[in-house]
*Asks:* 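Quick one: this structure, given as structure tokens, is what I'll be asking you about.
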Amino acid sequence: MAYPEFPNHDDFTAISKVLAGECEGEVTVRGWIYRTRSSGKLAFIVIRDSTGSIQSTVSKKNVTESSFDDARKALIESSVIVKGTPAKDDRAPGGWEIRASDFKVVHFAETFPITKDQSDEHLLNNRHLWLRSQSMVASLKIRSTVFKAFRDYWTENEFTEIQSPSFTTSACEGGSTLFNVYYDDEKEKTGQKFYAHLSQSWQLYAEATMFGLENIFTLAPSFRAEKSRTRRHLTEFWHAEVESAWMHNHQMMELEEGMIMHIIESVLSFNRKELEILGRDISVLENIKAPFERVTYEEVLDKLNSMGFDLSWGDDFGYKEEKALTQDLTSPMYITNFPREKGFYHRPDPNDPKSLVCHDLLAPEGYGEIIGGGERVWSPDELTDRIREEGLEPESYGWYLDIRKFGSVPHSGFGLGIDRTVSWICGSDHIKHVIPFPRTMRRTTP
RNA sequence: GCCGCUGUAGCUCAGCAGGUCAGAGCAUCCGGCUGUUAACCGGACGGUCAUCGGUUCGAAUCCGAUCAGCGGCGCCA
């Protein structure tokens with residue numbers, strides 16, 4: 001295929017600049033055809049780039065005959081280069097249009113499979129194409145801001161970013177949610193087909209790495225084979241985790257609060273346009289205020305029971321309970337002191353051994369849990385006891401127990417579900433809308 | 001693991017007390033139109049009704065199985 005001559009990259013103008021009325025004289029924009037309408041002598045071609053979309057008018061009398069034919073023929077998503085004069089015109093969507101003096105098609109698109117009639121399934125099957133949509137682009141820009149804000153916040157607090165392996169043989173969440181990876185050719189030779197699990201969390205590795213660096217964080221995918229078909233679950237999700245030596249639970253909670261506020265403020269500074277595209281009520285985000293409410297598990301039990309639930313000590317909060325707690329909140333809420341059954345690595349409260357020195361952070365508006373964290377068991381003997389208590393084998397945690405034998409210290413950490421956080425900030429009705437290629441129980445393509 | 005739902009043209013759907021039931025809109029293609037706003041007007045193209053089996057004189061329609069997908073619960077971030 002022969003491509004037209006290209007102007008230099010720097011010779012192009014971003015569509016957002018044209019829409020802002022910042023351009024004098026002729027401009028050249030490039031992008032993809034978003035909508036097209038034509039009559040015998042005039043074609044309206046709406047072009048989008050990553051910054052916005054603008055209508056160009058291609059008149060038969062102003063361009064060559066072949067350019068006009070191309071403009072009429074080119075289907076949606078064809079890539080094009082348009083040269084012309086910006087003009088303020090109320091008849092144009094967005095108030096500005098480009099009166100074309102030249103119209104080049106770089107590549108004629110085939111019939112685009114996504115039209116105005118869209119089903120969930122069709123959009124997921126065509127995710128590789130749907131990523132071009134305004135709403136996906138807006139969500140992904142916000143997602144990028146959240147990633148950056150997370151990194152900036154912890155870096156500024158003198159935490160070091162580190163990486164842990166995705167292949168592991170240690171489980172830190174329930175064993176039933178582990179994905180297994182196999183070594184195919186080994187399987188044929190030796191029958192030893194199992195290689196590793198996919199990591200559910202960096203935590204065990206973080207606790208080891210912490211002894212050198214003290215304050216660390218990571219941003220990585222975690223994998224959980226939960227058979228969860230809900231608007232809040234992915235089998236592969238992006239996990240933002242932090243671990244800190246000498247840190248107490250309440251100190252970590254204060255830092256997390258600062259992190260959430262930094263993330264919200266960053267999105268409010270950089271992504272107002274994207275929030276508007278997504279239809280998010282910006283005042284809801286502006287009204288988020290620290291400090292967040294802190295309540296104990298026991299207090300939540302009482303509160304829920306007074307709302308008509310029937311819960312007793314040890315019961316978990318399901319989505320119904322979380323929703324009842326958070327749907328009228330304006331800011332996130334901490335729940336602390338969960339029952340000791342919640343996890344072997346959380347440290348039981350010395351003053352109240354039936355509960356743990358730990359916390360969850362629940363996002364408002366019914367979005368529910370986005371953070372789980374707490375203080376870790378740091379005494380080697382206590383950790384061995386706790387592993388046994390949960391019905392697990394201390395032998396399978398060899399190296400993890402080993403790190404406690406050489407100058408163990410109190411420490412705390414947490415995990416933040418980045419996708420859940422973005423979903424909440426975007427006001428999305430499903431977590432799949434805020435990640436480019438969602439991985440769920442029944443979908444691994446595209 | 002459990003509950004519910006869906007599968008008919010490229011897309012969105014209608015048709016389902018079994019018998020003019022192979023349909024519409026959009027998309028695509030052809031023609032028309034100098035201001036359209038996911039335009040409008042005329043025409044054309046397009047389907048083994050998910051697959052397999054059963055009931056029946058007759059199945060898109062009823063029954064069963066399978067496959068694929070969607071929503072939710074439990075659990076979690």
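First the proteins, then the strands, lettered A, B, ... as listed; each starts at 1. Below, each value reflects all heavy atoms present in this structure, side chains not excepted, and no hydrogens, waters or symmetry copies.
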*Asks:* Which nucleotide in the set G35(B), G72(B), A77(B) lies at the smallest distance from any side-chain heavy atom of R229(A)?
*Replies:* G72(B)
*Asks:* Does K148(A) come within less than 4.0 Å of D152(A), counting only side-chain N to carboxylate O?
*Replies:*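 Answer for the salt bridge query: yes.
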*Asks:* Regarding G40(A), tell me which of base, sugar-phosphate or nothing describes its non-hydrogen contacts under 4.0 Å with the strands shown.
*Replies:*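 Since a base atom lies under 4.0 Å of G40(A), the category is base.
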*Asks:* Rounding to a whole Å, what distance do you find between E226(A):CD and C2(B):C1'?
*Replies:* 16 Å
*Asks:* Could I get the full list of side chain to side chain donor-acceptor pair (under 3.5 Å) partners for R231(A), not counting sequence neighbours?
*Replies:* none
*Asks:* Under the 3.5 Å rule, do the base of G25(B) and the side chain of D117(A) count as making a donor-acceptor pair?
*Replies:* yes
*Asks:* May I have the distance from W238(A) (atom CH2) to A77(B) (atom P), rounded to whole angstrom?
*Replies:*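 It works out to 18 Å between those atoms.
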*Asks:* On the nucleotide G71(B), are OP1 or OP2 found under 4.0 Å from the side-chain N or O atoms that H430(A) carries?
*Replies:* yes
*Asks:* Any chance the side chains of E256(A) and H359(A) put a donor and an acceptor closer than 3.5 Å?
*Replies:* yes
*Asks:* Just the rounded figure in Å: distance from P of G74(B) to CD of E341(A).
*Replies:* 19 Å
*Asks:* Taking atom types as modelled, is there a side-chain donor on Q200(A) or T177(A) under 3.5 Å from an acceptor on the other?
*Replies:* yes
*Asks:* If you take atom types as modelled and just measure distance, does the side chain of S228(A) reach the base of G74(B) with a donor-acceptor pair under 3.5 Å?
*Replies:* yes
*Asks:* Would you classify D360(A) as touching base, sugar-phosphate or nothing, given that sugar-phosphate means primed atoms plus P, OP1 and OP2, and contacts are heavy atoms under 4.0 Å?
*Replies:* nothing
*Asks:* Expressed in whole Å, how much space separates the C1' atoms belonging to A59(B) and G15(B)?
*Replies:* 14 Å
*Asks:* Please state how far atom CD in E241(A) lies from atom C1' in C76(B), giving the value in whole angstrom units.
*Replies:* 13 Å
*Asks:* In whole Å, what separates the P atom of A24(B) from that of A9(B)?
*Replies:*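 That atom pair is separated by 14 Å.
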*Asks:* Take the protein atom CD of E121(A) and the nucleotide atom P of A50(B), then report the distance between them rounded to whole Å.
*Replies:*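 Atom CD in E121(A) sits about 13 Å away from atom P in A50(B).
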*Asks:* Distance criterion of 3.5 Å, no angle test: do you see the side chain of H122(A) paired donor-to-acceptor with the base of C11(B)?
*Replies:* no
*Asks:* Using a 4.0 Å heavy-atom cut-off, does S38(A) contact any base of the nucleic acid, only the sugar-phosphate backbone, or nothing at all?
*Replies:*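 Base contact.
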*Asks:* What's the closest nucleotide to the F44(A) side chain, out of C76(B), A77(B), G35(B)?
*Replies:*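 Of all the options, the side chain of F44(A) is nearest to G35(B).
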*Asks:* Is there a donor in the side chain of R376(A) and an acceptor in the side chain of N249(A), or the other way round, less than 3.5 Å apart?
*Replies:* no
*Asks:* R443(A) side chain N/O closer than 4.0 Å to the phosphate oxygens (OP1, OP2) of C70(B)?
*Replies:*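 Checking C70(B) against R443(A), a side-chain N or O does come within under 4.0 Å of OP1 or OP2.
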*Asks:* By nearest atom, which of the nucleotides U37(B), U28(B), U34(B) is closest to the L75(A) side chain?
*Replies:*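 Shortest atom-to-atom distance from the side chain points to U28(B).
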*Asks:* Is any side-chain N or O of S119(A) closer than 4.0 Å to OP1 or OP2 of U12(B)?
*Replies:* yes
*Asks:* From CD of E236(A) over to C1' of C76(B), roughly how many Å is that when rounded to an integer?
*Replies:* 16 Å
*Asks:* Please classify the nucleic acid contact of R232(A) as base, sugar-phosphate, or nothing, using heavy-atom distances under 4.0 Å.
*Replies:*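 Base, at least one base atom sits under 4.0 Å.
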*Asks:* For atom P, what is the distance between C21(B) and C16(B), given to the nearest Å?
*Replies:*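 Rounded to whole Å, the distance is 10 Å.
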*Asks:* Among the nucleotides G35(B), C75(B), C11(B), which one has an atom lying closest to any side-chain atom of Q55(A)?
*Replies:*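 Shortest atom-to-atom distance from the side chain points to G35(B).
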*Asks:* What's the closest nucleotide to the E369(A) side chain, out of G1(B), G35(B), A77(B)?
*Replies:*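 Ranking G1(B), G35(B), A77(B) by closest atom to the E369(A) side chain puts A77(B) first.
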*Asks:* Work out how far the P atom of U56(B) is from that of C63(B), and round it to whole angstrom.
*Replies:*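 Comparing P positions in U56(B) and C63(B) gives a spacing of 16 Å.
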*Asks:* Check whether any side-chain nitrogen or oxygen of R231(A) sits under 4.0 Å from OP1 or OP2 of G72(B), and answer yes or no.
*Replies:* yes
*Asks:* Which whole-number value in Å describes the distance from K73(A) NZ to U28(B) P?
*Replies:* 15 Å
*Asks:* Kindly give the heavy-atom pair with the smallest separation between F317(A) and L301(A), and that separation in Å.
*Replies:*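 Looks like CE2-CD2, 3.9 Å.
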*Asks:* Between R37(A) and A39(B), is there a contact of a side-chain N or O with OP1 or OP2 at under 4.0 Å?
*Replies:* yes
*Asks:* Tell me which nucleotide among A38(B), U34(B), G71(B) gets nearest to the side chain of L42(A).
*Replies:* U34(B)
*Asks:* For nucleotides G25(B) and C40(B), find the distance between their P atoms and express it as a whole number of Å.
*Replies:* 12 Å
*Asks:* When the aromatic ring centroids of F217(A) and F150(A) are compared, is their separation below 6.0 Å?
*Replies:*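 They qualify: ring centres under 6.0 Å apart.
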*Asks:* Rounded to the Å, how far apart are K432(A) NZ and C70(B) C1'?
*Replies:* 7 Å
*Asks:* What integer number of Å spans the P atoms of C62(B) and G74(B)?
*Replies:* 33 Å
